[in-house]
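This report concerns only the one structure given below.
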2 protein chains.
Amino acid sequence: MSVGHTGITTGPVVSCEEHVDCGIRDVLDRIGDKWSVLVVVELAQGMRRFRGLQRAVPGISQRMLTLTVRRLERDGLLTRTVHPTVPPQVEYELTPMGHSLTHLVRALADWSLEHRDAIASARQEWDGANPGSGIR
Amino acid sequence: MSVGHTGITTGPVVSCEEHVDCGIRDVLDRIGDKWSVLVVVELAQGMRRFRGLQRAVPGISQRMLTLTVRRLERDGLLTRTVHPTVPPQVEYELTPMGHSLTHLVRALADWSLEHRDAIASARQEWDGANPGSGIR
DNA sequence: CTGGATCCTGTTTGATACTG
DNA sequence: CAGTATCAAACAGGATCCAG
């Protein structure tokens, strides 16, 4: 560490002016995939079981739901509680860190809603000006 | 999912009353890819040319930079200005909407920095408890 | 019910070579 | 400098079958 600007050694508040990558990639690799955000949003409303999650997130396959919750569990964003009953019962619930992530997701949703129209028209205009460009 | 079923509507934790997907997918498809955020962060500091961008985003290939800026241009997040000189000069600059996106990116970076340690240790712990699971 | 294991497909990305 | 074109590798995701 060579930055001694404020004399603080371990607690840099945010400064994206120095490095392009401020660790954003870590978050995006986590929530940027196809299903994680949807699962987190559903779990924001309370504990869910496997089937409940799958029903709540239409279109997700068994395989992808398993992979998604495993990754979220690995990152400490949710807990997985197995009840050794028959048939088996597994409960998924957000951790405090998982709940804090929902605030970020909220910000994402807000920005999305605020600009979706502008983006849609920008796309339409661009596609009109650049026919057959292959960009999507 | 939200209406007509058993009333577990435990309050407005997240205001996604109608759909689990509030349009978040639109944003994530846009900025969730490997390079867009890095390009946007670099452009947040001002106008850049093609080579400048490529130098500022280490590891990006010519091809991916081209694709990335084209998509961002299509979505109205940046402008591409061609100067018919020799050699050619192309300037990229964020639009107002692109700048507003940087605020969201900042929120992402904030959350990331705030929780990166907790996530790292959670991963380490999980990996220790689940050897050879193949999850990453 | 909760997954693990396999196979298969489309998309994304990187490397390389070439152009105006 | 600023791309385009092409090929191949890597990966994510879906479908299906099977097990505890």
Side-chain angles (χ1 to χ4, degrees), chain A residues 21 25 28-39 42-43 47-75 78-93 126 129-136, chain B residues 21 25 28-39 42-43 47-75 78-93 126 129-136:
Chain A
D21 185 347
R25 271 260 55 84
L28 287 177
D29 287 341
R30 206 156 286 126
I31 68 171
D33 70 303
K34 198 172 180 180
W35 303 108
S36 293
V37 165
L38 300 178
V39 170
E42 176 63 22
L43 284 178
M47 184 262 293
R48 294 287 187 273
R49 290 172 49 192
F50 191 87
R51 282 300 290 172
L53 273 179
Q54 193 171 17
R55 265 182 267 108
V57 183
I60 194 171
S61 65
Q62 246 175 10
R63 175 181 134 86
M64 287 319 294
L65 181 54
T66 300
L67 284 177
T68 301
V69 292
R70 280 294 187 287
R71 288 195 269 243
L72 291 173
E73 186 200 4
R74 183 169 103 105
D75 290 342
L78 60 77
T79 58
R80 177 172 173 269
T81 309
V82 181
H83 293 93
T85 62
V86 68
Q89 237 178 279
V90 181
E91 296 175 346
Y92 296 93
E93 192 165 20
W126 195 93
N130 304 66
S133 65
I135 303 289
R136 274 132 206 143
Chain B
D21 185 347
R25 272 260 56 83
L28 286 178
D29 287 341
R30 206 156 286 125
I31 68 170
D33 70 303
K34 198 172 180 180
W35 304 108
S36 293
V37 165
L38 300 179
V39 170
E42 176 62 22
L43 285 177
M47 182 261 291
R48 293 287 186 273
R49 290 171 50 191
F50 191 86
R51 282 298 290 173
L53 274 180
Q54 193 171 14
R55 265 181 267 109
V57 183
I60 194 171
S61 65
Q62 236 174 16
R63 177 182 135 83
M64 287 317 295
L65 181 54
T66 300
L67 285 176
T68 302
V69 292
R70 280 293 189 287
R71 287 194 269 242
L72 292 172
E73 185 198 6
R74 183 170 104 105
D75 289 341
L78 59 78
T79 58
R80 177 173 174 269
T81 309
V82 181
H83 293 92
T85 61
V86 152
Q89 239 177 271
V90 181
E91 295 176 347
Y92 295 93
E93 193 166 20
W126 196 93
N130 304 66
S133 66
I135 303 290
R136 27 183 179 99

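Below, chain A is the first sequence line, B the second, and so on; all start at residue 1.
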Self-check item: Heavy-atom check, side chain of B:M64 versus side chain of B:K34, under 4.5 Å
Solution: no
Quiz item: Considering residues at least two apart in sequence or located in another chain, which fulfil the side chain to side chain contact (heavy atoms under 4.5 Å, CB included) criterion with B:L72?
Solution: B:S36, B:V39, B:V40, B:T68, B:L77, B:L78
Quiz prompt | Set of side chain to side chain contact (heavy atoms under 4.5 Å, CB included) partners for B:V86, sequence neighbours left out | solution = none
Exercise. Determine the contact category for A:R136: base if any of its heavy atoms lies under 4.0 Å from a base atom, sugar-phosphate if only primed atoms, P, OP1 or OP2 are that close, otherwise nothing.
Key: nothing
Practice problem: Mind listing the closest non-hydrogen atom pair of A:W35 and A:V57 along with its distance? | Solution: CE3-CG1, 3.7 Å
Self-check item: Nearest heavy-atom neighbours spanning A:F50 and A:L65
Solution: O-CD2, 3.6 Å
Quiz item: Can you give the first and last nucleotides of DNA chain D, 5' to 3', that have an atom under 4.0 Å from a heavy atom of chain B?
Solution: D:dC1 to D:dT6
Holding to side-chain hydrogen bond (donor to acceptor under 3.5 Å, both in side chains), I want the full list of residues that pass it with [X], two or more places apart in sequence or in another chain.
{"X": "B:T66", "result": "none"}
{"X": "B:R71", "result": "none"}
{"X": "A:R63", "result": "none"}
{"X": "B:R70", "result": "none"}

Quiz prompt | Any pair counted as side-chain hydrogen bond (donor to acceptor under 3.5 Å, both in side chains), so long as it reaches residues 49-59 of chain B, sequence neighbours left out | solution = B:R51-B:Q54
Exercise. Measure the CG-OG distance between B:L67 and B:S61 for me, rounded to the nearest 0.5 Å.
Key: 8.0 Å
Quiz prompt | Distance, nearest 0.5 Å, that separates CD of B:E93 from CD of B:E73 | solution = 13.0 Å
Exercise. Take the C1' atoms of the five end pairs on each side of the helix from C:dC1-D:dG20 to C:dG20-D:dC1, derive the two axes, and give their angle rounded to 10 degrees.
Key: 40°
Using distance only, find each side-chain donor-acceptor pair of residues 129-136 of chain B under 3.5 Å and give its atom names and separation, not counting sequence neighbours.
from, atom 1, to, atom 2, distance (Å)
B:S133, OG, B:I135, N, 3.3

Quiz item: So where does chain B start and stop touching DNA chain C, 5' to 3', when the test is distance under 4.0 Å to a non-hydrogen atom?
Solution: C:dT13 to C:dG20
Quiz item: What are the residues of residues 61-69 of chain B, sorted by number, that bring a heavy atom to within less than 4.0 Å of DNA chain D?
Solution: B:Q62, B:R63, B:T66
Quiz item: For DNA chain C, whose closest nucleotide is more 5', that of A:G52 or that of B:I60?
Solution: A:G52
